[in-house]
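The structure appears right after this line, and notes come after that.
Throughout, a chain's letter reflects where its sequence line sits, starting with A, and its residues are numbered from 1.
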Amino acid sequence: MAAPSVPPLTNFPTVNNDRYFANHPTVTLIEKCSNLQQLKQIHAQMLRAGLFSDPFSASKLIQSSALSGFSSVDYAHKVFDQIPQPNLYSWNALIRAYATRSQPLSCLSVFTRLLNDCSEKPNKFTYPFVIKALAKLKCLELGKGIHGMAIKEGLCSDLYVSNCLIHFYTECGCSDMASRVFSSMPERDVISWNSMIDGLAQNGFVEEAIEIFCRLEGEGVRPNDVTMVGVLTACRKKLDVKVGRWVHAYIEKNGIKRSLILCNAILDMYTRCGSVQEAKRFFDKMVEKDIISWTTMLVGYGSLGDFDAARGLFNSLPSKDIAAWNALISAHEQGGNPKEAISVFNELQLSKTAKPDEVTLVSTLSACSELGAIELGGWIHVYIKKEGMRLNCHLATALIDMYSKCGDLEKALDVFNSMDNKDVFVWSAMIAGFGMHGCGVYAMETFEKMQEAKVKPTAITFTNLLSACSHSGLVEEGREFFHLMEPVYNIVPGVEHYACMIDVLGRAGLLEEAMELIKNMPVARSASVWGALLGACRLHKNVDLAEEAWEHLHQIEPQNHGAYVLLSNIYTNSGLWDKVSELRKRMKDAGVKKEPGCSSVEVNGAVHEFLVGDNAHPMSKKIYSKLEEIAGRLKSEGYESKKSELLPMVEEEDMQEKALNLHSERLALAYGLITLKPTRRIRIVKNLRVCEDCHSVFKLVSKLYDREIVLRDRYRFHHFKGGSCSCNNYW
DNA sequence: GTAGGGTTAG
């Protein structure tokens, strides 16, 4: 840029706030800058020309520095510091700069300085910026204070201030306060309505959001594209494709501007509401698409479990950002395909096309949890520390869940204790961890501490808590929590809570009380309710009630093979052989297949899977000879196998002894004994429940081989050490 | 007599 000729200073008055400055050719050039160098030139000329004595001209420079893409807010701050006597306009310019550049803390600190150093009071322009920063920080209490200040100054009738307050309160999850601001406004514009609709939808008040939208129509306000994005968010959360379709039609009919964001929101609504076909049809018609559109479509394929389509779409992306990787990883993780999720994560690491972010790590950690892949999980923990990522609540929850489900409760507790501000998810995950390891008392203690920390429990917290009670035999406590849920915590017990409670009562042998509870349930009885009762009947050898429970369960889930196996075990234990064969025939006729047992053990970061009687593993021979060695040692210790469990499902009598030895968890155990150093714990994950015989064998092996073994089965953890198990045979 | 607010994917 050619240097503009600077008129001599004497031609211009030097008085503050004189409007002649605004027309100064140098000042008008500010907006035309397209790089930092040009801006710096202007800055220098303005200093030379003495234009900084006019706060207005200097503030123009602040605005340009802060809002242009080529400059920084730090630079804007330097400009501010050169203004000899900044007025409110200059202060506001700097506050705005920090607010829009997402530096809310700096924004607040400048605001505080303004209160002390500026002779003028903050005005209707100051408040919106400050409230925006507070919204970003979700500082509810501070925001209420600022709200109070604004009221005192009589600024709350200002449209902008009120609109910001609505946004602020909904960001803080305080929809009530937002509604109060909204209804007290003397005048509202479309932005007021939009903020209210979107805020309600984001906070899960979907009915209310749609209601407000209907009211907006009645009051003659014309909705715009942003309005419709909010309404679609509500539809998406409601999972109501009918309302979604109606909204889509409304957009077409009323000629609402179809911005890219709005189109993406329509697309997202269809995929989330389960109509991937409609999403695809819409997607194909979209004129403009961005990475969000593609990723949304990818998520849609993932939700259908169509991994090939998801992969195909992913491969066709010209540039793969981290969100696209995340969508693919999450599709596999959510679709019950954790191994593939981990393999995509490894591919991402190798490709280096994007850097894993928090979402990537959370999804991958979930996959590790499912597989019991503690080495990779631990590696991710180290990665988080190495990269200096802040351990937020999402990551902490995922880590606690991973360590718990991989059998390392100590590490889970370390993560838990390292967190300063724990949200309800973090607390609940820790309660679940204690529960599955049979530490019910600690789970309860954690719940107490959670209340001291003033964190409100959710329905999930109670599921975890009740499940902890059942795994530890805490009947009294379970009853008490269950009965306090609604009156004290305002959480209506759902079917999952009833199922846990029946488990609590049933395991303790209180079958009548359990049955009574089932009879009086105000919600529909699920398979899990009858399953819990059936399990209790096995433990307490009640054939009649078992048959009743099984019939109900069978009605709901005719293909549930676990139910067949359980009932069959109950018959076997009572010597009802006729009923066993009758049941076996019924199972065969119904075409129900027993899910094959599958166990995995992680060695050097790789997860090795074993099916029943598997000999696919390259070290198969060694594994079987190890199993023979174990059998020999057990025999010499006087151990005799107990064949009652699961065996009726094996056809030939002489296969029974062999079949026991072929149980997948034993193969995994043998492989662990061969490959892991004697000091290392062996961690095994099994998809089904461990049978009684294997449980006894594991106890003995832990003593004879002096090994710690951690086994996670379908229901809980078993820590074997020195010949005993942490579950105290209560499972 | 200068300025300001709301939206989409994981």
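- With A:Tyr160 as the aromatic partner, A:Lys124 does not meet the cation-pi criteria of under 6.0 angstrom to the ring centre and within 45 degrees of the ring axis.
- The aromatic ring centres of A:Tyr270 and A:His248 sit less than 6.0 Å apart.
- At a threshold of 4.0 angstrom between heavy atoms, the contacts of A:Gln202 are confined to the sugar-phosphate backbone, with no base atom among them.
- At a threshold of 4.0 angstrom between heavy atoms, the contacts of A:Arg188 with the nucleic acid are absent.
- When distances run from any side-chain atom of A:Thr296 to the nucleotides B:dA9, B:dG10, B:dA3, the shortest one goes to B:dA9.
- Within the 4.0 Å cut-off from OP1 or OP2 of B:dT7, not a single side-chain nitrogen or oxygen of A:Arg236 is found.
- Nucleic acid contact for A:Lys124: base, since at least one base atom lies under 4.0 Å from a heavy atom of the residue.
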Could you pull out all donor-acceptor pairs under 3.5 Å where a side-chain atom in residues 111-118 of chain A meets a protein atom, sequence neighbours excluded?
residue	atom	partner	partner atom	Å
A:Thr112	OG1	A:Leu108	O	2.7
A:Asn116	ND2	A:Thr112	O	3.4

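- Against DNA chain B, the stretch residues 90-121 of chain A makes heavy-atom approaches under 4.0 Å through A:Asn92, A:Arg96.
- Evaluation of A:Tyr160 against the base of B:dG4 yields a stacking contact (centre distance < 5.5 Å, interplanar angle < 30°).
- Put simply, A:Phe56 does not rest on the base of B:dT2: the two rings are not both less than 5.5 Å apart at their centres and under 30° in tilt.
- Of the candidate nucleotides B:dA3, B:dG10, B:dA9, B:dG10 has the atom lying nearest to any side-chain atom of A:Ile322.
- Within the structure, side chain to side chain donor-acceptor pair (under 3.5 Å) pairs that include any residue of residues 205-221 of chain A comprise A:Glu217-A:Tyr250 (at least two apart or interchain).
- Geometric assessment of A:Lys320 against the ring of A:Phe314 yields a positive cation-pi assignment under the 6.0 Å and 45° thresholds.
- Side-chain proximity of A:Asn123 to B:dG10, B:dA3, B:dT8: nearest is B:dA3.
- Aromatic rings from A:Trp193 and A:Phe182 are positioned such that their centres are separated by under 6.0 Å.
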